[in-house]
Amino acid sequence: MLRIAIQSKGRLNEESLALLDEIGVDVDDSRRKFLSKASNFPLEILYMRDDDIPQVVSNGTASLGIVGLNEVEERGFDVEIVTKLGFGGCRISLAIPKTEEYNGVQYFQGKRIATSYPNILRKFLEKNSVTADIEVITGSVEIAPAAGIADAIFDIVSSGGTLVSNGLKEVEKVFFSEAVLISSGKLTEDEKASLEEILFRLESARISKGKKYILMNLKEEVVEEAIKILPAMRSPTILPLAAKGWCSLHSVVDADNLWEKVRQLKEIGAEGILVLNVDKIIM
Ligand code: ATP
Ligand code: MG
């Protein structure tokens, strides 16, 4: 049976579970142990610290995993990246005390840099021909300069708020990360079929994101104009109404420009406009 390793608690846990829910995999999360079984899909869920996920996937303990690209890169285990998942976005950056003047990566020559990501940092420094001391610390890296442990830090940044509150400024954005689905690459035929099904459902969920279903009543003579405003997947659905000369037009639109479309439709006389959420789009 396919087994997927996800973070047991932390920033990726909730969204990993939400993703399973979105693709219709029911996981009994109420009595969470370290291993649980989906009730309606051939899938076991293994809950782990995110640091360990690349390793358990590369050695085959789990066939799949959901983890940040940063951990995959840092740990260096041999795993396949199946797809990006669109959440858990962050970057790993070099930051220095905000009072320091910065004029390029050579700044770091001979400096002490605190980080939990020594391998990614080492690669970056080598590429830039900079020699620095890497101090590996596992938690609260951002306090290292104030505590006198290091001159600079190399740490995860998302909004930058933590840096500012510790008197630091971001000077080099080195590595961009998001959550990814990884695979051991050693799946049985049955497991491969389950993975295909997961990917198919993920794609449906991805397509339906940010989409709205819109329907309205229109006079028949403005239908052509309405179709120009609302290009649908193939073409909009048009149904006759009991009232003569009127019809109902149904389509799918991007949520981003919904209000712009609604304004244009009202201008050509659309009435009774209904906007509904789209749960899934299956192409
Ligand atoms: P664990 O106990 O599982 O080892 P952790 O403390 O190492 O957890 P979290 O802070 O939960 O890790 O972060 C998990 C992942 O979330 C990171 O590796 C990164 O990919 C992603 N992430 C996204 N935004 C941030 C952020 N602002 N800070 C830290 N991680 C982030
Ligand atoms: Mg961790």
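First listed ligand is number 1; within each ligand, the first listed atom is number 1.
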**OP:** For the Mg ion (ligand 2), find the closest N/O/S atom on Asp51 and give its atom name.
**Re:** OD1
Original post:
Have Glu100 and Tyr107 got a donor and an acceptor in their side chains that come within less than 3.5 Å?
Top reply: yes
Original post:
Is it the case that Asn277 and Tyr213 place a side-chain donor and acceptor less than 3.5 Å from each other?
Top reply: no
Subject >> Test item: side-chain donor near acceptor, Glu142 and Thr162, under 3.5 Å >> reply: no
**OP:** May I ask which of Ser159, Ser8, Cys90 has a heavy atom nearer to atom 24 (N) of ligand 1 than the others do?
**Re:** Cys90
Subject >> Location of contacts on Leu12 toward ligand 1, heavy atoms closer than 4.0 Å >> reply: side chain
Original post:
In terms of atom number and element, which parts of ligand 1 are under 4.0 angstrom from non-hydrogen atoms of Gly88?
Top reply: 21 (C), 23 (C)
**OP:** For the residue pair Ser63 and Leu187, establish whether any side-chain heavy-atom pair is separated by less than 4.5 Å.
**Re:** yes
Original post:
Which is closest to atom 12 (O) of ligand 1 by heavy-atom distance: Glu178, Gln7, Arg91, Glu74?
Top reply: Gln7
Subject >> Atoms of ligand 1 close to Gly10 [distance to a heavy atom under 4.0 angstrom, numbered from 1] >> reply: 11 (O)
Original post:
Would Glu196 and Lys192 pass as an ion pair if we require N to O under 4.0 Å?
Top reply: no
Original post:
Are any of the side-chain nitrogens in Lys123 or Glu74 under 4.0 Å away from the carboxylate oxygens of its partner?
Top reply: no
Subject >> Residue from Ile137, Ile92, Val141 passing side chain to side chain contact (heavy atoms under 4.5 Å, CB included) with Ser116 >> reply: Val141
Original post:
Which atoms of ligand 1 are found less than 4.0 Å from any heavy atom of Gly68?
Top reply: 20 (O)
Subject >> Any Trp246 side-chain heavy atom under 4.5 Å of Pro240 side chain >> reply: no
Original post:
Can a salt bridge be assigned to the pair Glu224 and Lys228 using a cut-off of 4.0 Å between side-chain N and carboxylate O?
Top reply: no
Original post:
For ligand 1, which atoms sit closer than 4.0 Å to a heavy atom of Ser158?
Top reply: 26 (C), 27 (N)
**OP:** Give the numbers and elements of all ligand 1 atoms closer than 4.0 Å to a heavy atom of Asp51.
**Re:** 4 (O), 7 (O)
Original post:
Any luck finding a side-chain donor-acceptor pair between Asp190 and Thr188 under 3.5 Å?
Top reply: no
Subject >> Distance filter under 4.0 Å to Lys9 heavy atoms, resulting ligand 1 atoms >> reply: 3 (O)
Original post:
Is there a heavy atom in Ala179 that sits closer than 4.0 Å to ligand 1?
Top reply: no
Subject >> atom 6 (O) of ligand 1 touched by protein (heavy atom, under 4.0 Å) >> reply: no
Subject >> Short N/O/S contact of Glu71 with the Mg ion (ligand 2) (below 2.8 Å) >> reply: no
Original post:
Which protein non-hydrogen atom lies closest to atom 31 (C) of ligand 1, naming both residue and atom, and how far is it?
Top reply: Arg11 CD, 3.2 Å
Original post:
At a non-hydrogen distance cut-off of under 4.0 Å, which region of Arg49 contacts ligand 1 (side chain, backbone, both, or neither)?
Top reply: both
**OP:** Give the single entry among Asn70, Thr138, Asp50 that approaches atom 1 (P) of ligand 1 most closely by any heavy atom.
**Re:** Asp50
**OP:** Provide the number and element of each atom of ligand 1 under 4.0 Å from a heavy atom of Gly89.
**Re:** 23 (C), 24 (N)
Subject >> Name of whichever N/O/S atom of Asp50 is nearest to the Mg ion (ligand 2) >> reply: OD1
**OP:** Please determine, by modelled atom types, if Tyr102 and Glu172 share a side-chain donor-acceptor pair under 3.5 angstrom.
**Re:** yes
